[in-house]
Amino acid sequence: MGMSRRDLLTASALVLARPGAAISAANTARTLPASDPRALVLCWNENPYGPGPAARAMLGSTIAQSSRYPDSDIQQFIAALAEHEGTNPESIVTGTGSGELLCALGLLHGRAGGEIIAAQPTYEELATYALRSGATLKFVPLDEQFRHDLTAMRAAVSERTRAVYICNPNNPTGTAIGATAIRAFVESLPEQVTTIVDEAYMDFAVGTDLRSVADLIGTGRRLVVLRTFSKIHGMAGVRCGYAIARPDIATDIANARMTTPSILALRAARASLADRAFLTDCRRRILASRARITTELVRLGLKYAEPQGNFVFFDTGMPLERFAAQMRARNILVGRRFAPYESWCRVTIGTEPEVEVFLKELGAVTTADHGAV
Ligand SMILES: Cc1ncc(COP(=O)(O)O)c(C=O)c1O
């Protein structure tokens with residue numbers, strides 16, 4: 001479902017942010033409103049089913065060995081990731097969450113006034129960190145289907161551009177673009193520009209050509225693909241992610257990192273990687289709940305962007321602050337406002353019972369609000 005042209009008028013121009021400029025509170029500013037501890041937390045795109053059984057068992061059995069540095073675990077984990085990705089260990093860099101690697105990439109490409117292009121809205125961790133490092137940011141509005149507008153992003157590239165960030169599927173809209181379009185985009189860029197493709201939610205995508213572009217790294221392009229154990233693996237609190245890139249770029253990222261994952265994260269993530277039964281089950285349940293939510297949105301007459309992640313972005317029909325406050329009063333926490341979509345809400349897909357509670361309250365809030373107008 002798209003937006004009308006008029007809705008998009010406010011977003012029709014490139015938005016520039018310069019060093020020192022404030023950008024809106026990032027998705028990363030995890031300041032929860034005061035709430036009942038039993039609140040439904042549907043605002044951070046976490047996966048409530050995780051960690052999986054293999055990761056849980058590994059976390060437990062690793063506690064006793066936490067007095068040791070994890071040097072050999074890092075090597076074993078990198079080897080397992082390389083095998084998983086069908087690449088060599090030199091192309092893998094681990095991070096304390098993929099967020100840390102986004103920060104390292106923001107620093108590497110943004111320092112000394114480097115120009116970075118990103119969509120608006122998109123996940124802001126890279127942009128926020130890059131700004132602190134002195135970057136110039138160029139934000140390009142999404143298209144009418146809330147997807148990255150690759151034509152406009154390509155047109156925004158200048159001789160100062162150091163990197164383009166593509167979040168696919170995109171947080172907060174949930175929309176995705178095909179691998180063929182990304183390949184053509186990457187191939188059209190000048191040699192020195194890095195494309196950073198954040199595939200945090202790719203495991204939840206369904207559709208023609210919606211797949212990873214990690215296979216393009218072998219072509220020698222300046223391309224970085226990011227993955228995380230925070231989403232399909234349900235290990236957001238454990239903090240583990242990784243990047244895949246050409247070995248020289250992987251080395252640059254590794255040198256810009258501040259930390260490496262703990263022994264708990266390394267071992268649990270490796271165990272989770274092999275827990276196919278858990279990952280398949282998680283995906284099946286989240287996709288079923290996603291369909292359940294969109295069916296209900298249609299019934300309520302609320303527009304939504306095509307969801308390809310573990311969350312749904314939909315039009316509440318009222319200012320987001322009003323909607324969020326009403327949900328909070330019902331002990332449900334939903335995502336913040338993402339300009340320029342002032343009435344749209346991002347809600348994380350919780351467990352099946354949580355989804356039922358959310359839908360019941362959504363119906364009550366939107367029906368009451370329409371009745372009140
Ligand atoms: C698109 C995207 N990339 C990266 C991250 C950061 O994930 P991590 O927990 O691996 O730092 C998030 C977290 O919500 C995200 O939405």
Side-chain angles (χ1 to χ4, degrees), residues 24-32 41-48 50-51 55 77 81 92-106 116 118-130 142 146-148 163-177 182 195-205 210 212-214 224-244 253 257-262 264-266 268-269 272-273 286 305 307-313 333-336 338 346-350:
S24 59
N27 313 22
T28 50
R30 305 196 190 279
T31 41
L32 276 178
V41 181
L42 304 180
C43 51
W44 302 128
N45 295 350
E46 296 152 337
N47 171 1
F77 183 50
L81 290 173
I92 304 281
V93 199
T94 58
T96 309
S98 59
E100 188 192 19
L101 303 171
L102 285 169
C103 294
L105 286 160
I116 298 178
Q120 189 175 52
T122 195
Y123 188 63
E124 291 176 358
E125 194 160 3
L126 182 148
T128 306
Y129 202 83
L142 298 173
F146 304 83
R147 294 173 312 197
H148 281 72
V164 182
Y165 173 67
I166 299 174
C167 185
N168 197 43
N170 188 39
N171 180 7
T173 56
T175 49
I177 47 176
I182 296 180
T195 313
I196 300 161
V197 184
D198 185 342
E199 297 185 348
Y201 301 100
M202 188 51 86
D203 300 287
F204 303 107
L210 297 187
S212 172
V213 290
V224 181
V225 171
L226 288 154
R227 300 202 200 291
T228 177
F229 284 85
S230 299
K231 306 304 172 181
I232 189 84
H233 292 272
M235 292 171 42
V238 180
R239 311 304 300 130
C240 194
Y242 64 102
I244 317 158
I253 301 170
R257 281 175 310 186
M258 301 291 275
T259 63
T260 52
S262 69
L264 293 158
L266 291 165
S272 190
L273 206 58
I286 287 168
Q308 297 290 354
N310 64 335
F311 55 95
V312 180
F313 193 58
L333 307 181
V334 295
R336 66 173 172 90
F338 294 96
R346 185 194 66 193
V347 66
T348 304
I349 300 169

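All figures in this text were calculated on a predicted structure; none of them were measured in a lab. One-based numbering, in listed order, for ligands and for the atoms of each.
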Taking both backbone and side-chain atoms of [X], is any N or O found less than 3.5 Å from an N or O belonging to ligand 1?
| X | result |
| --- | --- |
| Asp198 | yes |
| Gly99 | yes |
| Glu125 | no |
| Tyr165 | no |

Could you tell me if any non-hydrogen atom of [X] lies under 4.0 Å from any atom of ligand 1?
| X | answer |
| --- | --- |
| Ala200 | yes |
| Asn45 | no |
| Thr96 | no |
| Tyr201 | yes |
| Glu100 | no |

Show me which atoms of ligand 1 lie under 4.0 Å from any heavy atom of [X].
| X | result |
| --- | --- |
| Leu102 | 4 (C) |
| Ser230 | 8 (P), 9 (O), 10 (O) |
| Thr228 | 7 (O), 8 (P), 9 (O), 10 (O) |
| Cys167 | 1 (C) |

